[in-house]
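By convention in this document, chain letters (A, B, ...) are assigned in the order of the sequence lines, proteins followed by strands, and residues within each chain are numbered from 1.
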Amino acid sequence: MSETPTTIDAGGAPTVRFADFGLAPEIERALSDQGYVHPTPIQAQAIPIVLQGRDVMGAAQTGTGKTASFSLPIIQLLLPHANTSMSPARHAVRALVLTPTRELAIQVAENVKAYAQHTPLRSTVVFGGMDMKPQTEILRRGVEIVIATPGRLLDHVEQKNISLAQVQMLVMDEADRMLDMGFLPDLQRIINLLPKKRQNLMFSATFSPEIKKLAGSFLNDPLTIEVARSNATNTSITQVLYKVDEEQKRNVVEHLIRARDLKQVLVFSNTKIGASRLARYLEQAGIKASAIHGDKTQQERIAALDAFKKGDIDVLVATDVAARGLDITDLPCVINYDLPYNAEDYVHRIGRTGRAGATGDALSVFSDKDERLLADIEKLIKQTITRGELTGFTPSRGHDRGAERPGERRGGRRETDHPRGERPERTERPGPRSMGAPRREKVDPWFLKPYEPSVAPRKDAAPAPAGSGKPKPKLAALLGGLPKQ
DNA sequence: AAAAAAC
């Protein structure tokens, strides 16, 4: 989705233009502001159906333009309800978008805001980990569209900061991921607060039996839209594997970054602590890097992502919080510092690069103990990944710049060993940074400031697909107990 | 096994 997506319309309708949908001029203006002319296949299919008011069950992979496929018709359908009054009483929440992660909520909200920028419709995003007050203030002034993570939304409901009684459109984005994360009870609670008569849109990367059951419970005679999705990975991604000693993994990652002079590289770690350590190791090696994971404060997460997008840092080391749904423009390379435990996650991770026709590299380092994980991955993607040669890499020993050795060896080191006075990071708090780690300028996210039109985001974020969806133990029971809506 | 999400 670089400028005008005139290509890669495989299962879609290549000649369709946004102008064919009969969208309001304000919306078309926002689209042309961003240089969009042709809808992606899912947009081409979904937009007319959503405009008709029908429920939709959509299956779409990362990079398919999912967000616009629901945002544009929402804005169109809500436009008659828009008004310019400052009185909160004149504004009611009419569309609700639920997402599994905070970053995804932010991204969706950025897109909605951009698409609605020439309309009087107001939108906001609410999610946890941040002060309730600014969110509360915006909600109380009145908005038509709310994008939220479930927990914080319920929090606002309990505090009577928001009423969901006027919601006429509900979107569940990455529904399979929400189930994975145990959001079903929260979803149930939220849906119980909505009017019975409403339009429901559900998006999911997978069509597991649980998802189908959820759709059967929450959706009303839905039309199913499926954009070709296979477990085969995007062919525009070049995948390479490097087998190395476990202890050398981070040195190899460092080497790869230097050898290729990588500027925008997303590195995945299986653990939060591993992500922090690798980021610190790279920083101490003189590479501009930050970590993003669930033990970071939300401010730090936002700051890290922002710094990465702006190019202030070259390397973002992430847990799977970033594996799905993050849309970073023109990401040329992803590195797996750990192979994921779940083979499906490999697909999600490397799907962060090579988006929408662009090419990308997905490099993975692994060691002996990962052979089984690797076998699972290759089985899933039905291909053998190229084994790469490390040229110019000298295995290092000893001079490891003060960071800890990765991993723990059977009967050997443990997490509690902290050479050279390093402390383990559990919950990282904001506060004085260690010397030499330059404090980044304070970010000033747009959603903290009510109604100040921000610069239009670059493009439609297409939230990623989610994983194979191992249901929680109680899931079946919960699903069994869902009322038919 | 790990990660994510409300206080």
Query raised in the report: OP1 or OP2 of B:dA6 less than 4.0 angstrom from a side-chain nitrogen or oxygen of A:Arg102, does that happen here?
Result: yes
Requested in this report: Between B:dA2, B:dA5, B:dA6, spot the one nearest the side chain of A:Tyr341, thanks.
Outcome: B:dA2
**Report entry** A:Asp345, nearest nucleotide to its side chain (from B:dA6, B:dA2, B:dA5)
**Finding:** B:dA2
Report summary line: Taken to the nearest whole Å, CZ/A:Phe127 to C1'/B:dA6 is 13 Å
Report summary line: To the nearest angstrom, the CG-C1' distance between A:Asp173 and B:dA5 comes to 16 Å
**Report entry** Phosphate-side-chain proximity, A:Thr149 and B:dA6, N/O vs OP1/OP2 below 4.0 Å
**Finding:** yes
Requested in this report: Kindly point out which of B:dA3, B:dA6, B:dA5 is positioned nearest to the side chain of A:Glu158?
Outcome: B:dA6
Query raised in the report: Expressed in angstrom and rounded to an integer, what is the separation of A:Asp131 atom CG from B:dA6 atom C1'?
Result: 14 Å
Query raised in the report: Between A:Asp186 and A:Arg189, is there a side-chain N and carboxylate O pair less than 4.0 Å apart?
Result: yes
Query raised in the report: Picking from B:dA5, B:dA4, B:dA3, which would you name as closest to the side chain of A:His293?
Result: B:dA4
**Report entry** By salt bridge (Lys or Arg N to Asp or Glu O under 4.0 Å) - contacts of A:Arg301 (at least two apart)
**Finding:** A:Glu103
Query raised in the report: A:Asp314: what forms a side-chain hydrogen bond (donor to acceptor under 3.5 Å, both in side chains) with it, not counting sequence neighbours?
Result: none
Requested in this report: Write down the distance between CZ (A:Arg189) and C1' (B:dA6), rounded to a whole number of angstrom.
Outcome: 10 Å
Query raised in the report: Which pair of non-hydrogen atoms, one from A:Ser269 and one from A:Val317, has the smallest distance, and what is that distance?
Result: CB-CG1, 4.5 Å
Query - Atom pair distance, as rounded to whole Å: CD1 in A:Ile273 and P in B:dA4 - result: 13 Å
Query raised in the report: A:Phe203 vs A:Phe70 aromatic rings, parallel, tilted or perpendicular, using cut-offs 30° and 60°?
Result: tilted
Query - Whole angstrom value for the distance that separates C1' of B:dA4 from CG of A:Asp186 - result: 13 Å
**Report entry** Whole angstrom value for the distance that separates P of B:dA3 from CG of A:Asp295
**Finding:** 8 Å
Query raised in the report: Over how many whole Å does the gap from A:Glu344 atom CD to B:dA1 atom C1' extend?
Result: 18 Å
Report task. For B:dA5, take OP1 and OP2 only and decide whether either is under 4.0 Å from a side-chain N or O of A:Arg301. Result -> yes
